Amino acid sequence: MPTRPLSRRLFLALSGAFAARAAAGKDAAAPTTDNGVAAGNTQFAVDLYGKLAAEKGNVFCSPFSVSTALGMTAAGAKGDTLAEFGKVLHLPADPAAAHAGFADIMGKLNGGPADKRPYELNTANALWAQAGYPWRAEFVKVATAQYAAGVENVDYRNPEAARGTINQWVEKRTHDKIKDLIPKGAVTPDTRLVLTNAIYFKGEWLSTFKKEDTTDQPFKLADGTTVKVPLMHQEKTFNYAEAPGVQVLELPYKGNELSMVVALP
């Protein structure tokens, strides 16, 4: 595979470019109106991983889901609180531009009814509001118009019933992949609003791995010990780059619109 030096800044730019290409579709030069939200989300993803990586165990998260939920939350903030949202999420200074940027990205990710895509990719938002609470109309309008978030009324005075309703929505939207998202005790009679984001993806590799080429091989753990794990194999030309301490590989999915970017320390 060809290699070239890759700085950390260039690696982040490369990752952002892959993400932008995925959002734009086949035409990488397609115009975008995300107002810098995609680039900001890439930086937020790096910041978030820096925090999560300090915890023990494996990490699996969707930074876009987190930033989308927080973007909706920012629609109900103002003053210093709104400024803090923008700083943490690396959003444009104009709140309207930020919300429009999220709407643009979600529109590209979800596609339209006429799109014939060789993969499944969709994201959905929902606001679970205490029935009868006097929500500001401006907040609800931004959430529904820019984030396609349905406003669902629940009664947190019965927290277990409300929790079950929300978890069922998440389970359905993720095709039964995420169950019991909200644990027991996470919502109480004092809860007034829960924001949820669900994202689902299913695709096939553009260059598939043959089952017979998967064999058990030694895998070295961080503590120096090794375990046997099934490893897939294939020889093909892929986008690849490296820098001191990291190798980066891009594996495209069918349709050549989306890809997995692997960073190997």
Side-chain angles (χ1 to χ4, degrees), residues 4-53 59-75 77 81-111 119 121-125 142-143 145-149 195 197 199 201 239-243 245-253 255-263 265:
R4 61 186 176 90
L6 183 70
S7 67
R8 181 176 183 275
R9 182 179 297 275
L10 182 56
F11 165 62
L12 295 178
L14 181 63
S15 299
F18 289 154
R21 189 183 73 173
K26 292 181 180 180
D27 184 2
T32 178
T33 57
D34 68 40
N35 300 323
V37 172
N41 188 67
T42 298
Q43 184 58 56
F44 171 73
V46 175
D47 296 345
L48 178 62
Y49 178 73
K51 298 293 185 181
L52 296 177
V59 174
F60 185 88
C61 72
S62 168
F64 181 70
S65 293
V66 177
S67 61
T68 300
L70 292 177
M72 285 194 293
T73 308
T81 303
L82 178 60
E84 284 297 310
F85 272 111
K87 180 180 178 181
V88 171
L89 298 175
H90 302 278
L91 295 177
D94 180 7
H99 300 318
F102 276 112
D104 178 73
I105 294 173
M106 287 188 291
K108 289 183 171 67
L109 290 177
N110 289 327
Y119 56 85
L121 175 62
N122 54 72
T123 181
N125 301 303
V142 170
Q146 303 288 51
Y147 294 86
L195 296 86
N197 170 279
I199 189 165
F201 170 72
N239 287 332
Y240 172 84
E242 66 179 38
V246 66
Q247 295 171 287
V248 183
L249 174 70
E250 182 187 21
L251 297 174
Y253 291 100
N256 210 27
E257 297 179 5
L258 305 177
S259 62
M260 173 184 286
V261 179
V262 181

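All values reported here derive from a predicted model rather than from experimental measurement.
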Minimum heavy-atom distance between Gly101 and Val37, given as atom pair plus value: CA-CG2, 3.8 Å
side-chain contact (heavy atoms from CB on, under 4.5 Å) between Val261 and Val248, worked out: CA-CA 7 Å; Val261 179; Val248 183; 3.8 Å; yes
Separation of Asn35 CG from Leu91 CG (nearest 0.5 Å): 10.5 Å
Modelled atom types, side-chain donor and acceptor of Asn122 and Asn110, under 3.5 Å: no
SB check Asp104 Lys108 (cutoff 4.0 Å): yes
Heavy-atom pair with the smallest gap, counting every atom of Ala97 and Pro92: CB-CB, 4.3 Å
Interatomic spacing from OG1 in Thr123 to CD1 in Ile105 - rounded to 0.5 Å: 11.0 Å
For the student: nearest non-hydrogen atoms of Leu52 and Val59, plus distance: O-CG2, 3.7 Å
Steps toward side-chain contact (heavy atoms from CB on, under 4.5 Å) verdict (Phe85, Thr73): CA-CA 9 Å; Phe85 272 111; Thr73 308; 3.6 Å; yes
Heavy-atom pair of closest approach, residues Gly71 and His99: O-CE1, 3.5 Å
Asn197 side chain reached by Met72 side chain, heavy atoms, under 4.5 Å: no
Atom pair CG (Leu89) and OG (Ser67), whose distance is rounded to the nearest 0.5 Å: 6.5 Å
Mutual orientation of the aromatic rings belonging to Tyr147 and Phe102 [parallel < 30°, tilted 30-60°, perpendicular > 60°]: tilted
Gap separating the CD atom of Gln43 from the CG atom of Leu48, nearest 0.5 angstrom: 11.5 Å
Euclidean distance, Leu195 CG relative to Ser65 OG, rounded to 0.5 Å: 12.5 Å
Verdict with reasoning, Val66 to Phe44, per side-chain contact (heavy atoms from CB on, under 4.5 Å): CA-CA 10 Å; Val66 177; Phe44 171 73; 3.7 Å; yes
Gap between atom CD of Gln146 and atom OG1 of Thr68 - 0.5 Å precision: 12.5 Å
